Amino acid sequence: AATDPQAPAAFHLIVDDWIDFSGSKFYAEGAKAYFEEKGCMLDVHVADRDLYNELVIIRALQKKGDSHILVAPAMSEWAAGEFNRLIADGMRFTFLDRRPLGVTGDMAEADNVEGMRLLCEHLIGLGHRRILFLGQQPMILSSERGRLEGYKAALAAHNLDIREEDIIQSRDYLDILRQRLGREDIPTAVAAVND
């Protein structure tokens with residue numbers, strides 16, 4: 001990028017939070033190392049898991065003339081509409097690890113389908129035949145959809161039943177999980193979308 005006269009000297013990365021166990025820390029560290037190797041600066045902005053904060057940061061960068069931003073988006077049901085408006089306004093985004101469903105744009109991501117498939121394959125290898133999937137609803141991110149797809153693929157590959165009652169997707173999943181684990185036919189393992 002540093003040898004390209006059209007490339008900006010500084011890039012911007014927006015992450016959802018700075019919690020130590022979150023991926024944000026790793027996105028920022030990896031991106032900073034990469035851009036430093038290329039002779040470019042990287043400014044990291046933190047949105048505190050809030051779409052409104054994210055949009056304030058993006059609009060401020062847009063005002064300064066920045067038109068391409070790296071973003072690990074906040075999880076919000078309204079993000080798709082907001083990002084699509086910004087894209088129509090001329091902004092470009094490269095999404096990291098997840099993209100709001102219904103939004104187009106470049107993306108650098110882990111293989112969420114394969115990751116969940118491997119996790120379930122491991123559980124199946126340990127002898128588990130009833131694996132509960134635990135995720136959020138509404139499903140608003142591409143990473144969540146990929147992980148559910150990987151769960152179903154692993155069970156199907158081993159001819160295990162994919163039971164709707166073993167797929168819990170809710171924002172209030174704790175009560176549902178307690179009820180589900182209170183029944184006689186409880187799963188012996190849980191494959192969760194995240195920690």
Side-chain angles (χ1 to χ4, degrees), residues 13-31 33-34 47 49 51 70-80 83-84 93-195:
L13 167 64
I14 301 173
V15 294
D16 58 355
D17 65 36
W18 275 120
I19 298 171
D20 285 342
F21 61 76
S22 78
S24 297
K25 175 182 174 182
F26 302 108
Y27 303 147
E29 288 173 357
Y34 175 82
R49 292 184 177 233
L51 177 63
L70 305 163
V71 61
M75 294 178 229
S76 167
E77 295 168 55
W78 303 278
F83 276 105
N84 283 329
F93 299 97
T94 297
F95 295 98
L96 303 178
D97 187 49
R98 57 191 181 262
R99 175 177 45 218
L101 294 175
V103 176
T104 59
D106 296 332
M107 184 163 62
E109 69 175 328
D111 188 337
N112 289 290
V113 175
E114 183 67 4
M116 182 58 81
R117 190 192 65 73
L118 289 171
L119 181 138
C120 291
E121 290 279 348
H122 175 73
L123 294 172
I124 292 166
L126 292 174
H128 296 282
R129 297 296 177 264
R130 290 291 303 273
I131 302 168
L132 184 103
F133 178 86
L134 186 58
Q136 291 195 40
Q137 188 67 9
M139 193 175 286
I140 54 176
L141 297 173
S142 58
S143 55
E144 296 168 329
R145 183 173 282 172
R147 291 171 192 172
L148 177 57
E149 186 181 325
Y151 165 83
K152 289 179 176 180
L155 270 60
H158 290 273
N159 297 316
L160 298 175
D161 290 336
I162 300 170
R163 298 181 172 119
E164 287 306 312
E165 70 264 20
D166 288 345
I167 299 174
I168 295 177
Q169 292 179 270
S170 172
R171 288 192 186 249
D172 303 316
Y173 59 83
L174 283 178
D175 288 337
I176 296 168
L177 182 60
R178 282 188 191 101
Q179 289 172 5
R180 180 66 188 88
L181 296 179
R183 294 178 9 192
E184 282 184 28
D185 61 338
I186 65 169
T188 59
V190 175
V193 165
N194 61 44
D195 56 2

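Small disclaimer: the values here were computed from a predicted structure and weren't measured.
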Quick one: do Phe95 and Asp106 satisfy side-chain contact (heavy atoms from CB on, under 4.5 Å)? Show the steps, please. CA-CA 6 Å; Phe95 295 98; Asp106 296 332; over 6 Å; no

If you round to the nearest 0.5 Å, how far is [atom2] of [Y] from [atom1] of [X]?
| X | Y | atom1 | atom2 | result |
| --- | --- | --- | --- | --- |
| Ile167 | Lys152 | CD1 | NZ | 4.5 Å |
| Leu123 | Ile131 | CG | CD1 | 5.0 Å |
| His158 | His128 | NE2 | NE2 | 13.5 Å |
| Glu165 | Ile176 | CD | CD1 | 13.5 Å |
| Asp111 | Ser143 | CG | OG | 12.0 Å |
| Leu13 | Leu70 | CG | CG | 5.5 Å |

Are any of the side-chain heavy atoms of [X] and [Y] separated by less than 4.5 Å?
| X | Y | value |
| --- | --- | --- |
| Pro73 | Ile14 | no |
| Pro100 | Trp78 | no |
| Gln169 | Phe133 | yes |
| Asp166 | Asp161 | no |
| Leu96 | Val15 | no |
| Thr94 | Met107 | no |

Sidechain N-carboxylate O distance under 4.0 Å for Arg117, Glu114: yes

Salt bridge Arg180-Asp185, side-chain N to carboxylate O under 4.0 Å: yes

When every non-hydrogen atom of Arg98 is compared with those of Ala72, the smallest separation belongs to NH2-O, 3.6 Å

Between Gly102 and Asn84, what is the shortest heavy-atom contact and its length? O-ND2, 3.1 Å

Classify the angle between the aromatic ring planes of Phe83 and Phe93 as parallel (below 30°), tilted (30 to 60°) or perpendicular (above 60°). perpendicular

For His122, look at atom NE2 and say whether over 12 heavy atoms of other residues, nucleotides or ligands are found less than 6.0 Å away. no

Ile186 backbone acceptor or donor facing Arg130 side chain under 3.5 Å: no

